[in-house]
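Comments concern the structure below.
In each ligand, atom 1 is the first atom listed, and ligand 1 is the first ligand listed.
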Amino acid sequence: MPNPFTPTAGARPPVLIGRDAVLEDFRIALEDGPGAPGRLSLVTGARGVGKTVVLAELTEIARTTGWVTIDETATPGLLERVRLSAVRAFETLDLAPGKRRALTGFTVGRLGGAQFVPPPPPRSPGLREALEELLSPVEERGSGLLVTIDEVHRKEIDDLRQIAATFQHLVREDRDVALVVAGLPSAVHDLLNDDVLTFLRRADRQTLADVPLDDVRVALSTTIAGSEVDITEEALDVATTATGGYPFMVQLVGYHVWRRADDGVIEVEAAAAGVAAAQVRLGSTVHEANLASLSAVDRTYLVAMAQDDGPSRTSAVAARMSRDMQYQNVYRDRLITAGIIKPAGHGLVDFAVPYLREYLRDHAARYEMQGRLTEE
Ligand SMILES: Nc1ncnc2c1ncn2[C@@H]1O[C@H](COP(=O)(O)OP(=O)(O)OP(=O)(O)O)[C@@H](O)[C@H]1O
Ligand SMILES: [Mg+2]
């Protein structure tokens with residue numbers, strides 16, 4: 001029996017926990033027709049919270065309703081790929097034979113011999129033209145077009161601007177379109193601050209958060225049972241608690257705990273060993289990626305926070321960094337925007353990613369050193 005858990009970026013989980021409301025909003029938006037707010041949405045949330053998975057589910061919903069979908073990631077060449085996908089989608093639509101364009105060359109008789117007339121060069125409509133051309137037959141059969149763009153980032157801002165402007169036109173013209181973009185909170189924050197992207201500011205914001213532990217427990221239990229393995233109640237409790245409700249950790253814990261089943265049963269010792277393995281993986285994937293995308297001072301701030309067992313006083317963090325409150329505030333805000341820490345009451349902050357505190361304690365020397373070196 002293959003391991004039923006999916007601790008891989010973008011992999012569809014065996015049970016999609018806690019996203020019913022987001023999917024339902026989107027279903028309604030498709031039904032409600034042009035102008036429905038959910039047809040322009042922005043999915044955001046911390047690394048590993050399940051943005052890519054949600055985009056894939058939205059695409060699936062649109063497809064089963066007969067919509068045409070174009071799914072892209074914001075990497076160089078984004079605009080051109082969306083355009084080409086639209087052209088290709090149009091060409092592969094089931095149009096009546098008479099509507100198909102002739103694509104082969106032909107020969108005409110001429111005084112002095114035959115001359116080959118080459119086929120017209122492949123047309124290269126602009127993005128707006130390509131989308132409009134695709135939309136006409138699609139709308140005629142009562143459906144629409146969904147474009148999803150994952151991992152939006154400031155680096156691709158020029159392409160995103162043009163795509164947003166094109167969609168703005170299409171929305172104004174009441175075309176049957178939907179645009180959903182997804183990105184990390186700090187990336188989305190950057191984009192929304194761009195004047196030309198005000199259109200996106202009006203988008204429906206879906207902020208994905210950690211999922212309830214009760215739902216995690218049910219998901220772990222049904223997934224494990226479905227693979228013909230038993231888990232004791234105590235072991236299930238250990239596994240559930242260890243996920244902290246963080247979707248990626250649900251898959252990591254599930255995966256490593258499941259592997260340790262002995263004779264088709266997961267006992268509490270096996271669960272504890274699986275949790276420990278999952279924590280190590282979490283560190284080498286999510287924590288390292290998160291920390292690498294931060295500045296050295298950001299990291300020093302986190303190391304200063306990690307000295308506490310619970311929420312940290314911002315005044316204590318400032319003191320540990322030997323800086324004033326104003327300086328501290330700059331980094332506090334940056335880290336909140338990045339989704340790494342969260343406010344935890346007046347004058348308090350806490351980690352927003354499970355086990356980051358423990359990871360930083362284990363690796364403090366490395367990250368603290370970097371912070372000092374760059375600062376002095
Ligand atoms: N709602 C969910 N329930 C259970 N597992 C989930 C859920 N959402 C995501 N996962 C699992 O979590 C992991 C991360 O999901 P995904 O790649 O979609 O996150 P992401 O937010 O796109 O991360 P990144 O910011 O790195 O792109 C995957 O292993 C996926 O199977
Ligand atoms: Mg993703």
- Mind checking what makes side chain to side chain donor-acceptor pair (under 3.5 Å) contact with Asp159, not counting sequence neighbours? none

- Item | Short side-chain donor-acceptor distance under 3.5 Å, Asp237 and Thr240 | no

- Using distance alone, with no hydrogens and no angle criterion, decide if Thr75 and Arg81 have a side-chain donor and acceptor under 3.5 Å apart. yes

- Task: Please examine the side chains of Val188 and Val152, heavy atoms only from C-beta on, and report whether any two atoms are closer than 4.5 Å.
- Result: yes

- Query: Cut-off 3.5 Å, side chains only: do Tyr359 and Gln279 have a donor facing an acceptor?
  - Reply: no

- Fit a plane to each ring of Tyr246 and Phe248, take the angle between them on a 0 to 90° scale, and name the class: parallel (under 30°), tilted (30 to 60°) or perpendicular (over 60°). perpendicular

- Message: Exactly one of Arg357, Arg332, Lys342 should register a salt bridge (Lys or Arg N to Asp or Glu O under 4.0 Å) with Asp350. Which one does?
- Response: Arg357

- Message: Going by salt bridge (Lys or Arg N to Asp or Glu O under 4.0 Å), name the pairs with one or both residues in residues 221-234, residues two or more places apart or in two chains.
- Response: Arg217-Glu233

- Query: If you count only heavy atoms, which residues are under 4.0 Å from ligand 1?
  - Reply: Thr6, Pro7, Thr8, Ala9, Gly10, Ala11, Pro13, Val15, Leu16, Ile17, Arg19, Ala46, Arg47, Gly48, Val49, Gly50, Lys51, Thr52, Val53, Leu184, Pro247, Phe248, Gln251

- Under-2.8 Å protein N/O/S neighbours of the Mg ion (ligand 2), ordered by chain then residue number: Thr52 OG1

- Message: Regarding Arg128 and Thr166, do their side chains bring together a donor and an acceptor under 3.5 Å, going by distance alone?
- Response: no

